[in-house]
Amino acid sequence: MKVVFDEDEYRHLRRIFRIGTFENFFVADGKGHLVKCILESGRREAEILEVIDTFDFTENKISLTVSCSILEKKKFEELVYKSTETGARAIQPFFCSRTQWVLFNEDRLTKIMISALKQSGRIFLPEIKKPLPLASLLSSEKAENREFCYMDMGADNTEPIELGKVKNLFIGPEGGWTEDEKQSFRVAGFQSLSIGYSTMRAETAAAVGTALIVQSQMKSLAP
């Protein structure tokens with residue numbers, strides 16, 4: 001069996017990853033499948049040497065959706081890249097009171113996630129979901145078992161947060177949440193998460209929050 005690369009992927013393989021002819025490397029399809037390959041001479045093909053069983057891979061057991069307000073184009077692309085790089089399994093865009101609506105380009109965002117997947121060495125490509133109103137998400141989510149939290153830089157975190165249980169992290173827009181939105185989160189049973197004393201950009205908060213939650217989930221899986 002062989003893996004055949006298009007020109008862009010082959011160029012990336014040779015110039016960025018610097019894989020040489022007859023050198024072994026790994027290929028993932030973004031769906032949890034992983035194979036060990038060897039690059040053939042003079043062709044955009046690689047022979048599959050081994051199919052890797054990923055069932056016990058830690059990434060296979062991580063579950064986190066990053067729900068985020070749509071941002072200005074470049075900032076939102078950065079948020080999607082960093083959320084993918086740090087371990088999100090799904091990204092749910094939404095719009096709320098302070099969202100600055102921009103064109104939502106799913107194809108471009110998918111390419112950005114693929115780039116982050118290669119950079120991070122992950123085996124799962126996150127699902128990018130259709131944008132929804134925040135109110136719709138809050139009405140459909142059941143905040144059971146403390147699995148939902150929202151980033152709030154003004155929160156005092158007086159209640160302990162078990163980050164290892166969090167399955168959905170909400171990131172607000174530029175300008176932050178309105179008081180009505182914070183109240184909606186509290187009514188829905190969401191936990192508030194504040195990191196440090198500084199106010200972060202949304203894309204930074206997403207990267208930091210995702211990394212902390214994924215790390216906590218990994219610790220909870222340890223024997």
Sub-4.5 Å side-chain heavy-atom contact between [X] and [Y]:
{"X": "N60", "Y": "F124", "value": "yes"}
{"X": "C149", "Y": "F190", "value": "no"}
{"X": "T58", "Y": "L221", "value": "yes"}
{"X": "V4", "Y": "R43", "value": "no"}
{"X": "P126", "Y": "R89", "value": "no"}

(message) Out of the candidates K75, R98, R201, only one should pair with E174 under the salt bridge (charged side-chain N to carboxylate O under 4.0 Å, His left out) rule; please name it.
(response) K75
(request) With I128 as reference, evaluate D107, I91, I112 under the side-chain contact (heavy atoms from CB on, under 4.5 Å) test and give the passing residue. (result)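 It is I91, the one option of D107, I91, I112 that forms the side-chain contact (heavy atoms from CB on, under 4.5 Å) with I128.
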(request) Among M113, E85, R108, find the one that has a side-chain contact (heavy atoms from CB on, under 4.5 Å) with V80. (result) M113
(request) May I ask you to check whether N168 and S67 show a side-chain donor-acceptor distance below 3.5 Å? (result) yes
(request) Assess the side chains of T21 and S41: does a donor N or O sit below 3.5 Å from an acceptor N or O? (result) no
(message) Working note: C96 + E181, criterion side-chain contact (heavy atoms from CB on, under 4.5 Å); need CA distance, chi angles, decisive distance, verdict.
(response) CA-CA 8 Å; C96 56; E181 287 164 349; 3.2 Å; yes
(request) Before giving the answer on side-chain contact (heavy atoms from CB on, under 4.5 Å), spell out for F170 and M151 the whole-Å C-alpha distance, their side-chain angles and the decisive distance to 0.1 Å. (result) CA-CA 6 Å; F170 280 71; M151 296 286 286; over 6 Å; no
Find the distance between [atom1] ([X]) and [atom2] ([Y]) and round it off to the nearest 0.5 Å.
{"X": "T86", "Y": "Y81", "atom1": "OG1", "atom2": "OH", "answer": "11.0 Å"}
{"X": "D152", "Y": "Q191", "atom1": "CG", "atom2": "CD", "answer": "13.0 Å"}
{"X": "F95", "Y": "L132", "atom1": "CZ", "atom2": "CG", "answer": "7.0 Å"}
{"X": "L64", "Y": "Q217", "atom1": "CG", "atom2": "CD", "answer": "6.0 Å"}
{"X": "R44", "Y": "L13", "atom1": "CZ", "atom2": "CG", "answer": "12.0 Å"}
{"X": "R186", "Y": "Q183", "atom1": "CZ", "atom2": "CD", "answer": "4.5 Å"}

(request) Under the side-chain contact (heavy atoms from CB on, under 4.5 Å) rule, what do K31 and I123 come out as? Steps first, then yes or no, please. (result) CA-CA 7 Å; K31 300 177 181 179; I123 59 174; over 6 Å; no
